[in-house]
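First the structure, in the form of structure tokens, and then the observations on it.
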There are 2 protein chains.
Amino acid sequence: MVRVGLTRERLIRAGAELADEVGFDKVTVSALARQFDVKVASLYSHLRNSQELKTGIALLALEELADRGAAALAGRAGKDALAAFANVYRDYAREHPGRYAAAQLPLDPETAAASAGVRHAQMTRAILRGYDLTEPDQTHAVRLLGSVFHGYVSLEMQGGFSHSAPESQESWSRILDSLDATLRNWPAP
Amino acid sequence: MVRVGLTRERLIRAGAELADEVGFDKVTVSALARQFDVKVASLYSHLRNSQELKTGIALLALEELADRGAAALAGRAGKDALAAFANVYRDYAREHPGRYAAAQLPLDPETAAASAGVRHAQMTRAILRGYDLTEPDQTHAVRLLGSVFHGYVSLEMQGGFSHSAPESQESWSRILDSLDATLRNWPAP
DNA sequence: TGGATTTGCCTAAAGATATTAGGCAACTGC
DNA sequence: GCAGTTGCCTAATATCTTTAGGCAAATCCA
């Protein structure tokens, strides 16, 4: 009986890779056990249940996304920052579709509050420092940006914009242009 | 052995109701069989497999959403139409969270092309007739609106905007204002 | 170094879901 | 009222989740 060296950490990391390969919904405890050539029950020493695996992958994805976002924002401001940050989301979703899907997993409030989701909100606010918005408009704008980024990326991932002209990349650029214009010229109530 | 009168139609309708009650992801063939007090295998005369059930609920939701959208657009134009249409999405998601979740189910291309999703795109284009956009900007704008509506509603459904000021309703109104302004003043490339 | 303890993976088992095959009873049509 | 069709059933298999309890390998420590 050779010990493989299972770890909560390794399992979640392998789960994330599996998600990118076969889709987040196909990530199961059984599939993961197969990857490690180990019996299913063995994973339950490291994971409370399958929910913990899924949540773990979601939290990992949120961290990675936040790290990339922070790197993209460094040294940038204004529209430059806006576009760089937006591209982080889009690129991450394309590179890691399974992880991105995992990041959409609804988390219970405590888990969410302790997650990197908080950093996402802070970074979005940081971008808005390049524009002239004060509360509560800044919050409205945070919500707008979050909606557009998430909405566009998820529609694009589902193939919503493929096979029809113009290219999705073109729309993406023009939408970022329009968001920049909107933020520079945020309408009064 | 009393016959309950199962039908593909009835099953999908019951599945949609079940989705709104317990969540789309909890809608299973087994759960549905329980609802009708019938053995699981009996459903397989009416449904090819569980995928068909889920797809059926998705298509039903898309139809209902398109019908509501059409009703909302009748007799309206410009910002009025924009807001009415947007509210259809948001209200539908709140009234029928399970169905709304179902409407996000990725469909294979042929199914999607035959679905009410096509009407959604047409209606969005109809709204844009109230603004001065020509191709390809109109397509970019269609994609922007789709992203914002879907993005906002799904973030709101996941509780993203609750428990933090200002109220989500306020952000929603201001975002619709900003979209209207953006469309009236769409920036050149 | 060797024994005690902890820890990791295993076997076994039960419960839930999805799906298929084949059977009998209840409707339908005439 | 009979023949044929249809609808729901029993039975069986496969997969996934989860728990309980066991043995062996790693680790600790004298």
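To find a chain, count down the sequence lines: A is the first, B the second, and so on, and within it residues start at 1. Computed from a predicted model, the values in this text were never measured in an experiment.
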Please list every donor-acceptor pair under 3.5 Å in which a side-chain atom of residues 23-33 of chain B meets a protein atom from a residue at least two apart or in another chain.
from: B:T28; atom 1: OG1; to: B:S30; atom 2: N; distance (Å): 3.4
from: B:T28; atom 1: OG1; to: B:A31; atom 2: N; distance (Å): 2.9

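- Within the 4.0 angstrom heavy-atom criterion, no nucleotide atom of any strand lies near B:L43.
- B:K26 has its NZ atom 13 Å from the P atom of C:dA18, to the nearest Å.
- Atom CG in A:L6 sits roughly 16 Å away from atom P in D:dA25 (whole-Å rounding).
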Note to self: Go through it in stages, so that I can follow the logic: the residues are B:R119 and B:D67, the test is salt bridge (Lys or Arg N to Asp or Glu O under 4.0 Å), and I'd like the CA-CA distance, side-chain angles, deciding distance and then a yes or no.
What the structure shows: CA-CA 9 Å; B:R119 282 166 71 202; B:D67 289 346; 2.7 Å; yes

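- In this structure, the salt bridge (Lys or Arg N to Asp or Glu O under 4.0 Å) partners of A:R99, at least two apart in sequence or on a different chain, are A:D20, A:E64.
- If you take CZ of B:R8 and P of D:dT6, they are 18 Å apart, rounded to a whole angstrom.
- Atom C1' of nucleotide C:dC27 and atom CZ of B:R3 are separated by 5 Å, given to the nearest angstrom.
- The salt bridge (Lys or Arg N to Asp or Glu O under 4.0 Å) test applied to A:K79 returns A:D177, not counting sequence neighbours.
- Distances shown here put a side-chain N or O of B:H46 below 4.0 Å from the OP1 or OP2 atom of D:dC8.
- The CG atom of B:L47 sits 13 Å away from the P atom of D:dG7 (whole-angstrom rounding).
- One can place CZ of B:F36 at 10 Å from P of D:dC8, the figure rounded to the nearest angstrom.
- Checking D:dC8, C:dC10, D:dC9 against the side-chain heavy atoms of A:V38 singles out C:dC10 as nearest.
- Residues passing the salt bridge (Lys or Arg N to Asp or Glu O under 4.0 Å) test with B:R125 are B:E135, sequence neighbours excluded.
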Notebook entry, point to check: When you check every protein heavy atom under 4.0 Å of nucleotides 12-21 of chain D, what one-letter string (B, S, -) results, 5' to 3'?
Noted result: ----SBBBB-

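- Within the 4.0 Å cut-off from OP1 or OP2 of C:dC10, at least one side-chain nitrogen or oxygen of A:S42 is found.
- Within the structure, salt bridge (charged side-chain N to carboxylate O under 4.0 Å, His left out) pairs that include any residue of residues 81-92 of chain B comprise B:R90-B:E156 (at least two apart or interchain).
- When each of B:L11, B:I12, B:L6 is tested with B:R8 by the rule side-chain contact (heavy atoms from CB on, under 4.5 Å), just one qualifies, namely B:I12.
- Taking atom CG on B:L32 and atom P on D:dC8, their separation rounds to 13 Å, with Å as the unit.
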